[in-house]
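Read the numbers this way: they start at 1 and go in the same order the structure lists the ligands and their atoms.
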Amino acid sequence: MPADRDASAQTSLDMIKARKETSIDIVNVRQFIYNGREEWRRKEKLVEIVSKDPVFDKSKREWMTRTEKYTRGLRMTNRIHELEQLLGWSKQDTTIATSLLDDSLPISLHVTAFEPVFLLQASQELLDKYAGVIASRGIFGCYLQTELGHGSNVAALETTASYIPQTKEFEIHSPTLTSSKWWIGALGKTATHGVVQAKLILPGGVDMGPHLFFVQLRSLDTHELLPGIIAGDIGPKSFHGFAATDNGFARFFHIRIPKEHMLSKFAQVTDDGKYIQPPHTKISYGGMLYIRSGMVTTAGWVTAKAAVIAIRYATVRRQGTRGPDGLEKQVITYPSLHIRLLPILARAYVFIGLGRALSQSFQTMVQRLSGGDTSLLAEMHATTSGLKILCTTSSVQDVENARRSMGGHGYSAFSGVGRLYADVIPSVTYEGENFVLDQQVVRAALKAFHSLFGTEGKIRPSPSTVRGLTASSYYLRLLSSPTKEPPFLEDGDGSKSSWNDFETLILLLEWRAALLVHEMAQTAHDPDATLFQRVSRGTTEAFVGRRVGEMINDFRKNSELQESDVAVLSRLYLLYLQTTIESALADFLSFGLLRIKNPSRVRASRDPTRGLRLAIARNCLSLVPEAVGLTDALGFSDWELDSTLGMYDGNVYQALWDKAQTEPLNDKEIPDAYEESIKPMLTRGQQKLTERKWETKL
Ligand SMILES: Cc1cc2nc3c(=O)[nH]c(=O)nc-3n(C[C@H](O)[C@H](O)[C@H](O)COP(=O)(O)OP(=O)(O)OC[C@H]3O[C@@H](n4cnc5c(N)ncnc54)[C@H](O)[C@@H]3O)c2cc1C
């Protein structure tokens, strides 16, 4: 850098320039992301209120102990509830305001797990009694499923709920150490009530498997645990994540609850102890589907935050080769960097859209369920499982890749990305461990395959059966006729080729899914090492591919977006499809899906995947000037990001400097460790040297 250029001042100039370069209208695209002006305005207003309130100050949290973080988390929750009352916030306002606090809070278990499960599964009698106080948060809930000995295998849970007809009560009991409830968010110190998953035991010892029970845990007067219950916090978590949440343990010793406290909207027990079957085996999954659909949205926004921080930093960070302006290049201009970051941004946009669509589908399903119609349940189960896996797995990888893209400063807690990572990693484990959940996605795919082609896989399906395919198995239509063939790709040079054509890419994703499921059906007796994961991912990516096609068609019709907005968004969504295929090339090559029509041009390189990779390189390069605009459109304030590297004004060096000055170690020039340890070590080392010199002389 020439001596007359101040690298620190340059950062703001680079950011201003990047904003001028973008061809999108940030306001329009932001409204598109927030599903309209109203939603954006509402969020903006809430950010304004919350960010100015000292209770939500974030400046000291990096130095807090676990207990302080927990206490702060509840102080913030209390303040949110106070503000709700003071300012007349709606439930939606409170949800948004809480989501702005980027700390894992115990209340989220009440809102996302306890309340929805209760509302979906409690009898009318129990709803009448408790739905109001749950909604007004006069009691705090948690969801107690996992035990010390079992999580994924729910059928093997050991906690029992034995029905006693004489008193019309259930007795909840933890018979073994391994039956202790474990990992339960908000159970450790906060929750007053819980929904407990326990084996229903009918008179005579008949085990009906896991069912849900509403159990009071703590006194509403003193907050002490009720007699017969032991509970506490399970301790700190990896990477100091989820620090503000009291994930807890509990054991029950023959505690009694009234019969009405079984969540019995569907399965029931009669007074004399007979079991009444639910109308649908998967009907009790409703709550879980709600949580999973919310996780897709969360994965989208977490990915978005990481992308914003990393892209802004890469825009102002200059290092290495000098560019035409005589300055070292902005690191975002290096292909090795922008081909990492822009796909992350694309996934954030796509996942946010998917999450919104999924929540809408969930509401439709709930409405139908309330009328006894279970027809959407299986489809919802298949799609939420697949999307939960795909979006959480991607967000964990993307957040870490974004952090690594920022070099050394990315490792500073002040970058804010490490904190995101610590909180996002367990999402691949809770609400269905992703590798276990893969099996459910595969099961749904095989079921759809067999219903179309018979158990032998040889039936030719009728056109009406094909037309009846749901969105999650729509790709199977491709196998319905022997004349259908995968598309030919126009050429291999990646410029005007089919690699830039949405429909071709979506079709390819669908062909891959169809052939993977066919392969699975043929080899289910002897699956290879990774087939389950590939089928799960392949079928979900085909589903998402179709949805991305619909999203593109939708925003092309959106009158609030200008032509330039649509052009840039189209390239971003195209990048999603291109990189999705690129990350699964082994499948496409395995099934011979890269059928190049004009191979002479490809032959120069002998690589049938070159066209795709060239198309990605060119698309990324075309999106570099749009990157900052696209990140601004995601609408995060500096307070929300709480990142020295993701500052809106690009002033990253000053921000890092200022933050370092707040490090408590810097309060004293000479640390306490000097007298205790540094000085004796130095003295010992110097004495040793003197002694050695003396020995040498001898
Ligand atoms: C931060 C956090 C918050 C949580 N909050 C809650 C909560 O509020 N309430 C609650 O009830 N639970 C909660 N949990 C628990 C969580 O739901 C379980 O940890 C999760 O379901 C995984 O179960 P597990 O721990 O038994 O893992 P395991 O099932 O023991 O998994 C261990 C390994 O075995 C593999 N595996 C297991 N079964 C199979 C199989 N059949 N086939 C192939 N592989 C298999 C898995 O893929 C994994 O690699 C939370 C967990 C975390 C980390």
**Report entry** Distance from atom 20 (C) of ligand 1 to nearest protein heavy atom, with residue and atom
**Finding:**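 Looking only at protein heavy atoms, the one closest to atom 20 (C) of ligand 1 is Thr429 O, 3.3 Å.
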Requested in this report: Could you check atom 46 (C) of ligand 1 against the protein and tell me its nearest heavy-atom contact, residue, atom and distance included?
Outcome: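 For atom 46 (C) of ligand 1, the nearest protein heavy atom is Glu433 OE1, 3.4 Å.
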Query raised in the report: Which part of Asn247 is near ligand 1, with near meaning a heavy atom under 4.0 Å away: side chain, backbone, both or neither?
Result: side chain
Report task. Under 4.0 Å, heavy atoms only, figure out whether ligand 1 is touched by the backbone of Thr245, its side chain, both or neither. Result ->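 The answer is neither.
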Requested in this report: Answer yes or no for Gln439: is there a heavy-atom contact with ligand 1 below 4.0 Å?
Outcome: yes
Could you list which atoms of ligand 1 come closer than 4.0 Å to a heavy atom of [X]?
X: Phe435; value: 47 (O)
X: Val436; value: 36 (N), 37 (C), 38 (N), 39 (C), 45 (C), 46 (C), 47 (O)
X: Tyr143; value: 7 (C), 8 (O), 9 (N), 10 (C), 11 (O)
X: Pro426; value: 1 (C), 53 (C)
X: Leu109; value: 8 (O)

[atom] within contact range, any protein heavy atom under 4.0 Å:
atom: atom 30 (O) of ligand 1; result: no
atom: atom 25 (O) of ligand 1; result: no
atom: atom 3 (C) of ligand 1; result: yes
atom: atom 33 (C) of ligand 1; result: no
atom: atom 14 (N) of ligand 1; result: yes

State, with a plain yes or no, whether a side-chain heavy atom of [X] is found less than 4.5 Å away from one of [Y].
X: His261; Y: Val215; result: no
X: Ser427; Y: Met295; result: yes
X: Leu516; Y: Phe591; result: yes
X: Val442; Y: Gln439; result: no
X: Val535; Y: Pro527; result: no

Requested in this report: Please lay out, stage by stage, how Leu634 and Trp301 fare under the test side-chain contact (heavy atoms from CB on, under 4.5 Å).
Outcome: CA-CA 9 Å; Leu634 288 162; Trp301 284 109; 4.2 Å; yes
Hey, is ligand 1 close enough to [X] that some N/O pair sits below 3.5 Å?
X: Gly185; result: yes
X: Trp183; result: yes
X: Gln145; result: yes

Run the salt-bridge test on [X] and [Y] with the 4.0 Å N-O cut-off and return the result as yes or no.
X: Asp102; Y: Lys58; answer: yes
X: Lys189; Y: Asp246; answer: no
X: Lys305; Y: Glu640; answer: no

Query raised in the report: Is the number of heavy atoms from other residues, nucleotides or ligands within 6.0 Å of CZ (Arg256) greater than 12?
Result: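 Yes, the 6.0 Å shell around CZ holds more than 12 heavy atoms from other groups.
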Report task. Determine, considering heavy atoms only, which of Leu144, Thr146, Val196 sits nearest to atom 16 (C) of ligand 1. Result ->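 The residue whose heavy atom sits nearest atom 16 (C) of ligand 1 is Thr146.
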Report task. Kindly identify the option in Gly241, Ser152, Gly151, Gly194 whose heavy atom sits closest to atom 27 (O) of ligand 1. Result ->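 Of the listed residues, Ser152 has the closest heavy atom.
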Query raised in the report: Are the aromatic ring centres of His211 and Tyr275 under 6.0 angstrom apart?
Result: yes
Query raised in the report: What about His223 and Phe140, are their ring centers closer than 6.0 Å?
Result: no
